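Read the structure below first, then the notes.
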Amino acid sequence: MPEESETRSAEASPSAKNDASATSSSAPRGAERENEGAADVGSLLDALVRQRLSDATRMPTHEFWETQPVGQFGDDVRGEALKEGPIDAPKTPTEVSEEGGALPPGYEWCSCDLTCEKTQEEVYELLTNNYVEDDDAMFRFQYSQEFLKWALRPPGYHVDWHVGVRLKVTKTLVAFITGVPAKVQVNGREIELAEINFLCIHKKLRSKRIAPTLIKEITRRVNLRDVWQAAYTAGVVLPKPISRARYWHRSLDIRKLVEIGFTRLGRDNSMSRAVQAYKLSPKPKSEGLRHMTKDDVPKVAALLSKYLSKFAVAPILSEAEVEHLLLPREDVVYSYVVEDEKTKMITDFISFYNLPSQIIHGNTKHKTLKAAYSYYNVATSVPLVELMEDALILAKCNDFDVFNALDLMENNTFLRELKFGIGDGNLHYYLYNWRVTHDIEPSQVALVLT
Ligand code: MYA
């Protein structure tokens with residue numbers, strides 16, 4: 001139960017995005033709390049000092065982001081009547097430079113062709129050792145090669161939007177950022193954009209302002225294809241989120257989660273009580289529930305499109321995209337439908353994806369945290385809470401340790417009842433070159449970026 005156990009997620013990224021979730025396994029909890037308190041005071045002071053500095057010297061606090069066509073903090077208090085829509089004046093690809101931006105000496109740009117096995121391995125290695133970690137560096141996302149091929153090669157993808165930086169001499173891949181094409185509705189308007197993800201710089205090259213160079217390069221390549229908007233998520237706060245979501249975690253294997261320090265039991269809880277509390281039925285309850293098959297694609301696409309259209313921010317998915325993104329793929333994406341026996345209608349849909357995290361400094365026997373992430377779910381024949389209980393059972397049957405969900409869409413209607421515990425990290429949603437005039441509630445966001 002959420003009150004009895006606590007689960008922390010640092011930078012929800014990603015992806016969650018971001019993230020892995022954590023508690024420190026070594027520090028006593030009280031000490032951790034005190035440190036957290038100290039950090040809070042510290043960051044408050046930092047913010048005040050920065051504010052004073054920036055008032056006094058007009059120094060930007062986001063040297064790069066304040067130069068970009070994104071919403072800026074303070075937009076709403078400047079009193080200008082800002083219109084929803086593109087921020088930059090319209091341009092054409094002919095106005096875009098043909099040349100990649102300057103990199104530090106010794107480095108060169110490349111496109112990472114993920115049909116090439118060697119490149120897949122290089123990207124996998126870079127991300128496995130350098131991608132998103134929680135604040136305590138206990139867990140790091142471990143996207144599998146199959147996952148990367150799936151996420152980065154949707155219909156109409158472009159190899160030149162999979163941008164890498166290599167060392168000139170050894171050709172070692174040291175930085176990466178990706179875009180994939182998508183259509184997204186935002187407050188009733190349809191936008192062809194790039195979904196940006198997997199920004200990663202080798203640990204040894206951090207804090208050298210390479211990230212802005214990578215972002216400018218992917219912007220150039222996206223613009224060359226006459227696309228001028230982008231959507232992305234991050235755990236960090238940048239100018240300026242359109243929405244802020246929160247990760248929730250449902251323990252499936254509480255014993256393991258406690259052993260690896262992902263979750264800790266509340267003071268008044270015992271392991272046997274926790275095991276009992278998180279117990280699930282061995283089999284899903286919905287009648288007519290089965291794996292999604294290729295024949296289901298048109299019906300699933302119709303069900304999803306009707307459901308997603310009611311949210312302020314949502315993807316607009318073609319049948320080809322539904323097939324690519326949602327047809328089950330072993331160890332990558334899990335999708336189920338409920339089919340009405342009489343009418344043969346698909347009434348309900350469940351999907352989640354597999355994003356494990358490495359246990360970095362585990363002093364336990366475990367190497368990996370197997371996490372399922374809620375993707376798109378639609379309930380019409382049963383309440384969503386019942387359908388999602390089946391999702392938990394299916395994840396448990398597939399050997400996942402935890403089921404993660406953001407508080408997007410209608411997820412708030414089941415999180416507490418199904419014993420999810422709140423994480424401690426936010427996942428911020430951003431649009432590039434598209435202003436929204438009001439913050440969007442996470443319950444109005446139906447875009448899940450893997
Ligand atoms: S989110 C996942 C991000 N990746 C990780 O967290 C992996 C581990 N960390 C790293 O690899 C590095 O720490 C990264 C920063 C690469 C994150 N999004 O080079 P620097 C700004 C955007 O000295 P480093 C994902 O993949 C920072 O505020 N900007 O820093 C979505 C500062 O700018 P400013 C970020 O630590 C990505 C500048 O970078 C992020 O060595 C969406 C410092 O650069 C971040 N997550 O490297 C990208 N983190 O001074 C935007 C830091 O202004 C896409 N920064 O504050 C925009 C749309 C582009 C396409 C448009 C088409 C039209």
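All of these numbers come straight from a predicted model, not from anything done at the bench. Both ligands and their constituent atoms are indexed starting at 1 by order of listing. Residue numbers run from 1 in the order of the sequence given.
- Closest heavy-atom approach to atom 19 (O) of ligand 1 within the set Ala194, Ala211, Ala175, Ala234: this belongs to Ala211.
- For atom 24 (P) of ligand 1, the nearest non-hydrogen atom from the set Pro212, Gly235, Ser207, Gly179 comes from Ser207.
- Compare Leu431, Leu199, Val236 by their heavy atoms: the one nearest to atom 26 (O) of ligand 1 is in Leu199.
- When Tyr143, Tyr334, Phe147 are each tested for a ring-ring contact (aromatic ring centres under 6.0 Å, His included) with Tyr353, only one passes: Phe147.
- The option with the heavy atom closest to atom 62 (C) of ligand 1, from among Ile210, Asn433, Val222, is Val222.
- The minimum heavy-atom distance linking Ala245 with Leu406 is given by the pair CB-CD2, 4.0 Å.
- Heavy atoms of Cys200 approach ligand 1 to within less than 4.0 angstrom.
- Closest approach of Arg246 to Asn426, counting heavy atoms only: CD-OD1, 3.1 Å.
- Among Tyr432, Trp65, Tyr430, the residue whose heavy atom lies nearest to atom 51 (C) of ligand 1 is Trp65.
- In this structure a side-chain-to-backbone donor-acceptor pair under 3.5 Å is missing from Glu108 to Arg166.
- Across the listed options Gln68, Arg209, Arg225, Glu66, Arg209 owns the non-hydrogen atom lying nearest to atom 34 (P) of ligand 1.
- With a heavy-atom cut-off of 4.0 Å, Glu133 does not touch ligand 1 at all.
- For the 3.5 Å distance criterion, the side chains of Glu95 and Thr92 qualify, holding a donor opposite an acceptor.
- Of the candidates Leu427, Leu238, Ile177, Thr61, it is Leu238 that places a heavy atom closest to atom 22 (C) of ligand 1.
- Taking any N or O of His62, backbone or side chain, at least one lies under 3.5 Å from an N or O belonging to ligand 1.
- Between Glu259 and Lys256 there is no salt bridge, since no side-chain N of the basic residue sits under 4.0 Å from a carboxylate O of the acidic one.
- Using a 4.5 Å heavy-atom cutoff, the side chains of Phe198 and Leu148 are in contact.
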